[in-house]
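Shown below is the structure under consideration.
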Amino acid sequence: MTALLASLSLAVSHVVTVAGLGGEPDYEQRFAAHAAEIEKLLKADSGTKVITLSGAGASRNAVINALQQVARESKADDAFALILIGHGTFDNTDYKLNLPGPDITAAELAPLLDRIAAGKQLIVNTTSASGASLMLLQRPNRTVITATKSGMEKNAPVFARYWVEAMRDPGADSDKNDTVTALEAYRYADQKTVAYYETQKRLATEHALLEDAGSGDGARAPSPENGKGQLAARFPLVRLGAAQKASLSPEKQLLLKKKEELEISIDKLKYQKAAMPAEEYRRTMQALLLELARVQGAIDK
Amino acid sequence: MAPLRQLRPVLVGLCLATQWACAQTVELSKPKPKEKVAVTVSANPAAACWQHKLYGRTAEAVTCFTKLQESADPMARAEALWGLERYQDAVYQFQAAVKARPTDITPRIRLGTLFRQRYQPKDAGELLGEALELDEKNTDALLEMARVAGENYDRKAVEMVKQALEINPQLATAHELLARLSAEESNFKLATEHAEKALAISPQSVDAMAVLGAIDLLQEKPNTTWFERALKINPAYGEAYNIGGELLILNRRYNEGIELFRKAIATRPGLWEARARLGINLMRLGKEEEAYKELSATYEAGYKSFPVVNTLRLMDSYKNFQTFRNSRAIVRLHKKEASVLEPYFSSEMERIMAAYDRKYGGPVGVPVQVEVYPDHEDFAVRTMGMPGLGALGVSFGPIVAMDSPSGRKPGSFHWASTLWHEMSHVYALSITNYRVPRWFTEGLAVYEETAASPDWGDRLDPPTIIAIRDKKLLPVAELDRGFIRPSYPAQVTVSYFQAGRICQYIAQNWGYPKLIEILRDYGQSKKTPEVFQARLGISTEEFDKRFLPWLEQQNSKIVTGFKDWQERLKTVVTAYRAKNWDIVQAEAPALRDIYPEYVEAANPYEMLYEMHLAKKDQAAAMAELKRYSKAAGRDPKLLKELARMEEESGDKRAAAATLKRLLYIAPAQDEELHRRLGNLLLDEQDNLGAVREFRAAVASKPVDLASAQFALARAYRAAHQIDNAKDALFAALEAAPGYRPAQKMLLELTSSEKE
């Protein structure tokens, strides 16, 4: 994670959000509200280009046009995100996102996405049956998140609600670096989804997955052990206030460099934790944390 | 043979019930109008073999059954295979016999009996229903059906036995069964009458002797000779002790019941039903090692009843639990929630024991063990060996098992109220040496819930209102019947309510100490009429004459106007759904005031709160939620909303009090609750309270661990526990090295260290 900390300073540059067909007024409103809130949250970062398609505007052609537009505009060092909200279906062959008019399948989305040059890509499919889209959408340098583990989980998921909440809740920024990454948002939304079913005493009808290795199955709990989550940890989804300012303050680059070195040392130390005496680990970690606090204090001045 | 009873939700322990709780039903097939067919009743071809088995002549029985299994008659083969304990093969042969003899009632009755004995009451009920369709006056079928119903505490059991006796008054087995059923209801007079009738008809009625022996023991006559008399007739009849043991267990005389099960096994080592009961009841008393040994032996011997299998599985899962002990209490919590719940359960146990030591005149002599199950079905298995129990908690003397607050939907369960209820049983059973009648200990426990806090306990519910209106409450002298063998579905919950109000009435009119005096009288095996006369100076009949009108008067508004209230509520709910706020505003206050205890779905408080919000009157909305909370409303969402409004209006103390109430309802899986309360307590300078709350927030495994640890560090620092503050701060920064507020505190603590 730390080796690419610098790249976190890049904003997500293009976002397409699609809120599909609700079927019922309640779902229609809910999907559109999620999409609108995502747009609002992302537009706070001035460098992000946001396309939001919802209601009658979220037609198959509109989705194709939006992705073609991003393909024309994006560059290799950009970060691109596609967020799908709504009802999905799976007929044992195709995953389809329900849209006004003709639906769009995962097989149709995949080549459209492959034409986008952005070096970092994130696909968040929060629909029912979205697990069926994972294999078709996965690719190197792309993180794919689905609300369900397969096409057989067909009930309307609640994952989207918590994904949006992750984008607005500072609590989702678990490492407090003022950036909510795709991995942090995934963990936040997944944990909240699990808690929702537990507290409601309902059998969970959705199990989210994350895949960012470009191959293989998605993981429920991404970790170094299962080789998932490294790319997602480097995908900056939402910036909170301080990070934006830091990235706009070039005079503090020297201190930022020192800060990054300390953060790398801290990360390395964490990996060595199991192999070293607890007291030594704590002493060394305390010293690094104290130094980091001092450097941060200087940056903030 | 005496079968292991399957569904024992009501009587094995003292449970706090939800609606329909503690009562389960197995649908019994009802006889349909009989078609005119020539029904035959065949003799049991294995009668002689069964006699050998009954009298403990094992070798002869095996020889007899082995020979019989060569028979060409599937019925004979079925009996032989049953006798040889090849149960599944026996079922196949019985099914063949049923098919081969469509008008013969006997194969159906026998297969029904086998099913009942092999833990399949539903299948048994179906078969016996078919038998009664063929001949509704067959007394064997009626009695067997009564046994199935009796195992489920269905009132139909008594009716069916009476029906059999009308057909044949000289049926000794019917009198034996009625004796047992009456003894289960603690109606020892009637039980004795029927046992004596059975013996008069057939002096060999060993089950009647077992019932009489159990009644003697229950009536403090330890030198009873009835068991010996039964054994003189059949020296291998361990079932006599088994029957007696069960009747003692049903009356919560666990230790004596266990001793009878031991005697049953000593008399007949292969009596696996008795060994299974021994294991399950040892477990109830917390003697887990021995219980596991007995249950494993039972299982290994092929006696794999659901209670045995379920209980062994549960015991295997105990490795996932964590135990906290002090000199007086043992609290067992599931590891996944132990660190969140332990502080609340341990401190509540201290509070309860301090209160009850004072009220009941001293401590319980042994440590009390409280087991808390996040999976309700584990709790059910712990209680009766079977899933599907409606209760919330149960007490077996000094052992309490209960649902965890995480085991039920937040807002539907008040764990602290349940704990106070069950702990009241622990004291009542201890003081009376397990002699307290069920109705009184339940009534006292219900009373103690609301004595602990007026907003605890169960509210007056619609089935109880209807029962009061329809004059369905039982006389106090017969109230036990409402718990043991209810005659209508809601009678158990109605009886809880009635018993609780009786204790309230006594406390109000004679003073609380009278309740303890009554309890002590029960400890001397005195009966309710005698106790009431001595302590209250009136007969139970006179008590009923005073109490029932008082109760009706207390609830007169809703009892007399319930139907009208229901109709008007429907109208208001329709208006509420349509957001027709003017109708809600006009109608809901009156409905709320007629039935203030109604805080469940579509309650007037919530509708009025929403109406005030829609009309942008925040103060009125908050006032409505305050009323809701005071009336014992428990929806966490509404209570959190009330706390938010109270905080925003500047009343942080009230906000903290509201959230503290929620700790008793839904403390698990709610990091937000602990954080919010922690912050309020910090503001109130209740630093140790804040530490407790932030520790719970950290233990809830939050997504944002860093800020939870940082909040804990703040609380520790405020409580001047600097080393703990540093530990929490370290944990916060380890999770989020760049967390600025934590960094700032680190610099401050480091700088003050240097100074």
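Because only heavy atoms are used, hydrogens play no part in the values below, and waters and symmetry mates are left out as well, while side chains stay in. Per chain, numbering begins at 1; letters A, B, ... match sequence-line order.
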Atom group of Arg202(A) that falls short of 4.5 Å from chain B, counting heavy atoms: neither

Gln286(A) side chain near Leu733(B) side chain, heavy-atom distance below 4.5 Å: no

Residues of residues 632-642 of chain B within contact distance of chain A, non-hydrogen under 4.5 Å: none

Glu263(A) side-chain N/O to Gly738(B) backbone N/O, donor-acceptor pair under 3.5 Å: no

Expected list for residues 155-163 of chain A: side-chain donor-acceptor pairs under 3.5 angstrom, two or more places apart:
none

Side-chain H-bond candidate by donor/acceptor type, Gln296(A) with Tyr739(B), under 3.5 Å: no

When Arg282(A), Lys259(A), Glu198(A), Met285(A) are compared by non-hydrogen pairs under 4.5 Å with chain B, the top option: Arg282(A)

Heavy-atom neighbours of Arg695(B) CZ exceed 12 at 6.0 Å: no

NZ (Lys270(A)) with more than 12 external heavy atoms under 6.0 Å: yes

Chain B contact via Ile266(A) - side chain, backbone, both or neither, heavy atoms under 4.5 Å: side chain

Residue part contacting chain B, namely of Gln200(A), when any heavy atom lies under 4.5 Å: both

4.5 Å side-chain heavy-atom contact, Leu290(A) and Leu747(B): yes

Part of residues 704-712 of chain B lying next to chain A, heavy-atom separation under 4.5 Å: Asp704(B), Ala706(B), Ser707(B)

Minimal non-hydrogen separation, Pro410(B) against Thr199(A), with atom names: CD-O, 2.8 Å

Contacting region of Asp300(A) [heavy-atom separation from chain B under 4.5 Å]: side chain

Arg313(B), CZ atom: more than 12 neighbouring heavy atoms under 6.0 Å: no

Salt-bridge present (Lys273(A), Glu734(B); N to O < 4.0 Å): yes

side-chain contact (heavy atoms from CB on, under 4.5 Å) partners for Glu671(B), two or more places apart: Arg675(B), Ala697(B), Ser700(B), Pro702(B)

Top contributor to chain B interface from Ala172(A), Gly171(A), Ser174(A), Pro170(A) [non-hydrogen pairs under 4.5 Å]: Gly171(A)

